[in-house]
Amino acid sequence: MSETTTPSTTPTATLPPELEVLRRRRAEMGESMAAVEQALTAPAPGRVAAWAERVHAALVELSADLRVHVEVTEAPDGLFAQVVASSPRLSGAVSRLDREHTHLLPAVETLVSDAERVADLVGVEALREGCADLLRSLARHRQAGADLVYEAYVVDIGGET
């Protein structure tokens, strides 16, 4: 089967370099989110400290990926500036995504700190709920970002590696 370009998608092999980097970073964020989810769903009874340590490590990785995401998208020559310059009609969507960063960054940092203090199954459940909320918010944010890129460039950046 040959890879072709349709009006609605651009194959990864033909993405401009800056969008290829964005696609890779999106995939990395997805992997970090999956690592958090996997850590959260591991059994905790009788091994709370080990469970919390694994969740903490996954959250630290996710936090780093999120910080890079924010730096790249909000940089003066970053994705948001490029989208607004090329498609001013999308400035509202860019503003919404930008505002979400102000909530997502502190949320993940709070959860990183919370994971360091989990001492019992009540703490496990509280951390699971907080992380589930964060993962839902991040999933919505990632989808809105992919939609933004598609609207601006008619390119599906996907997220698969």
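Since the structure is predicted, the reported quantities are computational estimates derived from the model, not experimental observations.
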Legend entry - Flag side-chain contact, heavy atom, 4.5 Å: Val55 against Val118: no
Legend entry - Contacts of Arg99 that satisfy side chain to side chain donor-acceptor pair (under 3.5 Å) - sequence neighbours left out: none
Acceptor/donor pairs from residues 70-79 side chains to any protein atom, 3.5 angstrom cut, sequence neighbours excluded:
unit_1	atom_1	unit_2	atom_2	d
Thr73	OG1	His69	O	2.9
Thr73	OG1	Val70	O	3.3
Glu74	OE2	His101	ND1	2.7

Legend entry - Beyond-backbone contact of Leu138 with Leu66, side-chain heavy atoms, under 4.5 angstrom: yes
Inset, instruction - Please check if Val94 and Leu22 belong to a single hydrophobic cluster, counting links between Ile, Leu, Val, Met, Phe, Trp and Tyr side chain heavy atoms closer than 4.5 Å. - result: yes
Legend entry - For the student: nearest non-hydrogen atoms of Leu148 and Ala93, plus distance: CD1-CB, 3.9 Å
Legend entry - Sidechain-backbone polar pair: Thr41 side chain, Gln38 backbone, donor-acceptor under 3.5 Å: yes
Legend entry - side-chain contact (heavy atoms from CB on, under 4.5 Å) partners for Ala107, two or more places apart: Leu134
Inset, instruction - Return the minimal non-hydrogen interatomic distance between Leu59 and Val108, and the atom names on each side. - result: O-CG2, 4.2 Å
Inset, instruction - Mind checking side chain to side chain donor-acceptor pair (under 3.5 Å) for Arg67 and listing every partner two or more places apart, or none if nothing turns up? - result: Ser63, Glu109
Legend entry - Qualifying side-chain hydrogen bond (donor to acceptor under 3.5 Å, both in side chains) pairs with a residue from residues 43-58, counting only residues at least two apart or across chains: His56-Glu116
Inset, instruction - Go through the structure and list residues passing side chain to side chain donor-acceptor pair (under 3.5 Å) with Glu100, not counting sequence neighbours. - result: His141
Legend entry - Test salt bridge (charged side-chain N to carboxylate O under 4.0 Å, His left out) applied to Asp65 - qualifying residues, sequence neighbours left out: none
Inset, instruction - With the side chain counted from C-beta on, respond yes when Glu37 and Met33 share a heavy-atom pair under 4.5 Å apart, and no when they do not. - result: no
Legend entry - Hydrophobic cluster membership, Leu62 vs Val68, 4.5 Å side-chain cutoff: no
Legend entry - Minimal non-hydrogen separation, Gly130 against Leu111, with atom names: O-CD1, 3.6 Å
Inset, instruction - Output all residues satisfying salt bridge (charged side-chain N to carboxylate O under 4.0 Å, His left out) with Asp147, sequence neighbours left out; order by chain, then residue number. - result: none
Legend entry - Set of residues satisfying side chain to side chain donor-acceptor pair (under 3.5 Å) with respect to Arg89, sequence neighbours excluded: none
Inset, instruction - Any pair with a residue in residues 118-131 that passes side-chain hydrogen bond (donor to acceptor under 3.5 Å, both in side chains), sequence neighbours left out, goes on the list, sorted by first then second residue, please. - result: Glu125-Arg128
Inset, instruction - Look at the side-chain heavy atoms of Ile, Leu, Val, Met, Phe, Trp and Tyr, link any pair under 4.5 Å apart, and say whether Tyr150 and Met29 land in one connected group. - result: no
Inset, instruction - State plainly whether the residues Arg25 and Glu28 are in salt-bridge range, i.e. N to O under 4.0 Å. - result: no
Inset, instruction - Mind checking the CZ-CG spacing from Arg140 to Leu104? Nearest 0.5 Å is all I need. - result: 9.5 Å
Inset, instruction - Using the rule that two of Ile, Leu, Val, Met, Phe, Trp, Tyr join whenever any of their side-chain heavy atoms come within less than 4.5 Å, decide whether Val60 and Leu105 are in one cluster. - result: yes
Inset, instruction - State, to 0.1 Å, how close Leu40 and Ala132 come at their nearest heavy-atom pair, and which atoms those are. - result: CD1-N, 4.5 Å
Legend entry - Residues in side-chain contact (heavy atoms from CB on, under 4.5 Å) contact with Ala35, at least two apart in sequence or another chain: Ala58
